[in-house]
Amino acid sequence: MRIVVGMSGGVDSAVSALLLHRAGHEVIGVFMKNWEETDDSGLCTATQDWEDVRAVCDVIGIPYYAVNFTAEYRDRVFSHFLSEYEKGRTPNPDVLCNREIKFKAFLDFAMQLGADKLATGHFANLREGAHVVELLRGVDPNKDQSYFLYMLAQPALSRAVFPVGGLTKADVRAIAREAKLPVAEKRDSTGVCFIGERDFKAFLRGFLPARPGDIVTMAGEVIGRHDGLMYYTLGQRRGLGIGGRPGSGERWFVVEKDLENNRLVVEQGQDSPRLYSTVCEADGATWISGAAPAASFDCTAKYRYRQADQRVRVEVQGDKLRVIAHAPQRAVTPGQSIVLYDGDVCLGGAVVDVVELNAGT
RNA sequence: UGGGGUGUAGCCAAGCGGUAAGGCCCGGGACUUUGACUCCCGUAUUCGCAGGUUCGAGCCCUGCCACCCCAG
């Protein structure tokens with residue numbers, strides 16, 4: 001088979017390419033440069049990553065290319081990312097990036113190269129079912145990335161390959177070392193895909209105008225100033241600058257973004273009831289199989305990446321979901337994705353829209 | 001310009017003659033392909049200022065300064 005491997009410059013995709021090559025496939029490494037900017041230190045991290053991709057491909061002995069989807073990334077992912085922040089929500093650009101860029105624009109490109117499949121270094125697995133391809137969690141529970149892939153549909157999944165999904169991170173590094181891949185010890189990347197680790201506040205400031213305002217308690221007492229509601233997210237504690245007030249000395253957390261009055265509402269205490277909710281509405285539901293398993297059903301869910309599985313009941317109303325958790329959830333945040341699972345099978349998910357708070361209100 | 005009180009790190013705040021607790025904020029790190037959360041580490045040679053007593057003072061004394069309260 002001819003397989004295009006999306007290579008980031010990291011170990012996971014490098015080992016993916018290596019394994020496919022060893023399995024006898026015709027492998028083509030392709031590097032995506034989707035963000036034009038230097039990082040905080042003035043270096044273009046993409047340059048280093050591209051060099052790593054070339055070095056890895058040379059070691060493996062496969063051809064490589066670079067493609068640029070900067071325009072697509074900006075139009076289909078980043079613009080949405082910004083508009084969500086403008087609405088006071090907290091988006092997850094990476095779930096969109098996977099659907100729109102890696103498994104759409106990039107997938108199309110791979111197909112044009114005559115590829116049969118598109119591989120990436122995601123820690124996730126695929127299983128051919130009777131009629132559909134199922135998306136499963138990666139074997140390494142600590143690195144499972146199925147959360148970020150929940151928006152993928154059959155056309156994409158049927159062409160995808162995840163060579164490292166059955167391995168642990170330790171396995172991957174061991175293979176990379178053994179094969180003497182130059183990125184064997186390269187540090188895992190974090191931060192928004194293609195953009196990387198940033199001083200988030202400073203980063204956003206470069207794109208959206210800030211509107212400072214008051215920080216208030218639930219009782220309405222003004223106890224500080226915020227730099228602009230977009231810089232904060234629900235459940236956040238750092239960056240508030242609220243110190244030493246007479247009282248319990250507990251930390252303060254964001255419990256509400258009052259767009260109308262441009263006020264940030266905060267509460268004291270890690271486990272303030274105002275931070276918890278049991279029911280929420282999520283929209284834009286997508287299903288791996290193409291359809292919801294039932295009008296309502298029980299399953300587990302992750303309200304954010306790396307969260308332990310939460311037992312929930314899901315009620316489906318078109319592309320809207322009403323998700324009822326068994327246990328109260330902390331800081332469920334509009335814009336974030338709830339991803340549903342049945343055991344190791346990822347069912348799909350949706351984006352939190354409205355949160356019904358338990359206490360207060 | 002009578003009386004009372006208070007002045008300890010950015011903010012709260014312990015300390016009561018024996019050589020500066022703690023919390024919050026903040027900074028750094030860990031964790032992490034979103035944003036967060038969490039965890040770990042760090043942060044006053046110095047206690048409004050100036051003298052004095054004492055082997056030794058943030059703690060006692062004197063003066064000054066600042067702020068607060070009451071009375072004017």
Side-chain angles (χ1 to χ4, degrees), chain A residues 6-13 32 34-35 45 49 73 77-78 80-82 84-85 87-99 101-102 120-124 138 140-151 162 164 169 172 186-204 208 215 223-225 229-255 257 266-272 275-276 302-308 329-339 349 351-352:
Chain A
M7 301 191 70
S8 64
V11 233
D12 305 334
S13 54
M32 278 182 279
N34 298 341
W35 189 254
T45 52
D49 290 333
Y73 186 81
V77 178
F78 202 66
H80 177 264
F81 170 82
L82 293 180
E84 285 285 275
Y85 268 109
K87 293 175 192 159
R89 294 163 48 116
T90 307
N92 180 335
D94 291 349
V95 296
L96 248 194
C97 174
N98 281 321
R99 186 178 76 185
I101 306 300
K102 291 177 184 165
T120 66
H122 284 102
F123 280 93
D140 187 336
N142 193 49
K143 296 299 291 187
D144 168 41
Q145 293 170 326
S146 58
Y147 179 92
F148 292 106
L149 301 171
Y150 86 92
M151 280 190 177
F162 302 131
V164 301
K169 185 74 190 194
V172 171
K186 187 172 176 179
R187 188 177 161 70
D188 287 3
S189 66
T190 57
V192 177
C193 195
F194 296 122
I195 296 178
E197 195 100 50
R198 300 299 177 112
D199 172 337
F200 219 74
K201 210 165 171 176
F203 178 69
L204 275 184
L208 297 171
I215 294 179
I223 60 172
R225 294 284 293 173
L229 291 182
M230 74 185 108
Y231 299 134
Y232 309 83
T233 191
L234 301 185
Q236 176 174 335
R237 129 176 131 81
R238 309 202 82 135
L240 298 179
I242 305 169
R245 293 174 49 75
S248 71
E250 286 185 288
R251 303 159 168 181
W252 293 81
F253 295 85
V254 174
V255 295
K257 295 167 78 169
V266 297
E267 252 281 78
Q268 200 168 18
Q270 165 75 26
D271 292 315
S272 161
L275 240 24
Y276 286 83
K302 289 186 191 299
Y303 287 72
R304 53 173 54 73
Y305 180 52
R306 286 177 63 78
Q307 179 186 31
Q329 300 295 310
R330 185 174 188 282
V332 176
T333 307
Q336 290 286 291
S337 289
I338 295 182
V339 178
V351 178
V352 176

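Naming convention: chains lettered A, B, ... in sequence-line order (proteins, then strands); numbering from 1 in each chain. Here the structure is a predicted model, which means the values were calculated and not measured. In what follows, every heavy atom counts, from backbone to side chain, and hydrogens, waters and symmetry copies are set aside.
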task: Describe the nucleic acid contact of A:Phe81 in one word from base, sugar-phosphate, nothing, applying a heavy-atom distance below 4.0 Å.
output: nothing
message: I need the A:Thr233 OG1 to A:Arg89 CZ distance, nearest 0.5 Å.
response: 11.0 Å
query: Taking the side chain of A:Thr90 as heavy atoms from C-beta outward, which of B:rG35, B:rU34, B:rG28 is closest to it?
result: B:rG35
message: Can you measure A:Gln236 atom CD to B:rC37 atom P for me and round it to whole angstrom units?
response: 5 Å
- prompt: Can you tell which of B:rC37, B:rA36, B:rU32 lies closest to the side chain of A:Thr233?
  reply: B:rA36
- request: Would you mind calling B:rC40 syn or anti? Take O4'-C1'-N9-C4 for purines or O4'-C1'-N1-C2 for pyrimidines, and syn is within 90° of 0.
  value: anti
query: Given the C1' atoms of B:rG23 and B:rU34, what is the spacing between them in whole Å?
result: 32 Å
query: Distance between the C1' atoms of B:rG48 and B:rU6, in whole angstroms?
result: 11 Å
- prompt: Using a cut-off of 4.0 Å on non-hydrogen atoms, how would the nucleic acid contact of A:Gly249 be classed: base, sugar-phosphate, or nothing?
  reply: sugar-phosphate
- prompt: Quantified in whole Å, what is the C1' atom distance between nucleotide B:rA21 and nucleotide B:rA13?
  reply: 10 Å
- prompt: Side chain of A:Arg304, base of B:rG35: donor and acceptor closer than 3.5 Å?
  reply: yes
message: Quick one: does any side-chain atom of A:Lys302 pair with a main-chain N or O of A:Gln307 as donor and acceptor, under 3.5 Å?
response: yes
message: Just N and O in the side chain of A:Asn92: are any of them under 4.0 Å from OP1 or OP2 of B:rA36?
response: no
field: Any A:Arg306 side-chain N or O less than 4.0 Å from OP1/OP2 of B:rU34
entry: no
query: Nearest-Å distance, NZ (A:Lys169) to C1' (B:rC31)?
result: 14 Å
5' precedence on RNA chain B between A:Lys201 and A:Lys102 (nearest-nucleotide basis): A:Lys102
field: First of A:Asp188 and A:Trp252 reached from the 5' end of RNA chain B, by closest nucleotide
entry: A:Trp252
field: Among B:rC25, B:rG35, B:rU32, the nucleotide that comes nearest once only the side chain of A:Arg237 is considered
entry: B:rC25
field: For atom CZ of A:Arg198 and atom P of B:rA36, their distance in whole Å
entry: 14 Å
Interatomic distance where CZ belongs to A:Arg251 and C1' belongs to B:rA36 [whole Å]: 14 Å
field: B:rG72 and B:rU53, which share atom name C1', separated by this distance in whole Å
entry: 38 Å
message: Roughly how many Å apart are B:rA9 and B:rG28, using the P atom of each and rounding to a whole number?
response: 24 Å
query: For A:Asp271 and A:Tyr276, what are the C-alpha separation, side-chain angles and deciding distance, and is it a side-chain hydrogen bond (donor to acceptor under 3.5 Å, both in side chains)?
result: CA-CA 8 Å; A:Asp271 292 315; A:Tyr276 286 83; 2.9 Å; yes
statement: Here RNA chain B, pairs taken as Watson-Crick or G-U under 3.5 Å and shown with ( ), [ ] when crossing and | when to another strand, reads .(((((((.[[[..)..(...]]].(((((.......))))).....[[[[[..)....]]]]]))))))..
query: On a whole-Å scale, what distance lies between the P atoms belonging to B:rC49 and B:rC11?
result: 15 Å
- prompt: So, the side chain of A:Arg304 versus the backbone of A:Ala331: is there a donor-acceptor pair under 3.5 Å, distance only?
  reply: yes
message: Taking only the C1' atom of each, what is the distance from B:rG4 to B:rC41 in whole angstrom?
response: 45 Å
query: Which nucleotide in the list B:rU34, B:rA36, B:rA30 gets nearest to the side chain of A:Arg187?
result: B:rA30
query: With sequence neighbours excluded, what pairs up with A:Arg225 under the salt bridge (charged side-chain N to carboxylate O under 4.0 Å, His left out) test?
result: A:Asp214
- request: Under the side-chain contact (heavy atoms from CB on, under 4.5 Å) rule, what do A:Tyr303 and A:Arg330 come out as? Steps first, then yes or no, please.
  value: CA-CA 9 Å; A:Tyr303 287 72; A:Arg330 185 174 188 282; over 6 Å; no
field: Minimum-distance nucleotide (side-chain atoms of A:Gln336 versus B:rG35, B:rC26, B:rC24)
entry: B:rG35
query: Are the side chain of A:Arg306 and the backbone N or O of A:Asn142 linked by a donor-acceptor pair below 3.5 Å?
result: yes
- prompt: Any side-chain heavy atom of A:Lys201 within less than 4.5 Å of one from A:Tyr232?
  reply: yes
task: Pick base, sugar-phosphate or nothing for A:Asn98, based on heavy-atom distances below 4.0 Å to the nucleic acid.
output: base
- prompt: So A:Glu250 and A:Ser272, side-chain contact (heavy atoms from CB on, under 4.5 Å) or not? Walk me through it.
  reply: CA-CA 10 Å; A:Glu250 286 185 288; A:Ser272 161; over 6 Å; no
field: Rounded distance in Å between the C1' positions of B:rU19 and B:rA44
entry: 15 Å
task: For A:Leu240 and A:Arg251, run side-chain contact (heavy atoms from CB on, under 4.5 Å): C-alpha distance rounded to whole Å, both residues' side-chain angles, the deciding distance at 0.1 Å, then the answer.
output: CA-CA 10 Å; A:Leu240 298 179; A:Arg251 303 159 168 181; over 6 Å; no
task: Would you mind classifying the nucleic acid contact of A:Gly239 as base, sugar-phosphate or nothing, using non-hydrogen atoms under 4.0 angstrom?
output: sugar-phosphate
query: Taking atom P of B:rU38 as reference, at what distance in whole Å does atom OH of A:Tyr305 sit?
result: 20 Å
statement: With the side chain defined as heavy atoms from C-beta on, A:Thr333 is closest, among B:rU34, B:rC37, B:rG35, to B:rG35
Considering only nitrogen or oxygen atoms on both sides, find all protein atoms under 3.5 Å from nucleotides 41-43 of chain B and state each distance.
none

side-chain contact (heavy atoms from CB on, under 4.5 Å) between A:Asn92 and A:Tyr305, intermediate numbers included: CA-CA 10 Å; A:Asn92 180 335; A:Tyr305 180 52; 5.8 Å; no
- prompt: In whole angstrom, what separates A:Leu149's CG from B:rU34's C1'?
  reply: 13 Å
message: Taking only side-chain N and O atoms of A:Arg245, does any of them lie within less than 4.0 angstrom of OP1 or OP2 on B:rC11?
response: no
field: Salt-bridge contact A:Lys143-A:Asp12 (side-chain N to carboxylate O under 4.0 Å)
entry: no
- request: Grab the OH-P distance between A:Tyr73 and B:rU34 for me, whole Å please.
  value: 12 Å
message: Without decimals, in angstroms, what is the distance between A:Tyr232 OH and B:rG35 P?
response: 17 Å
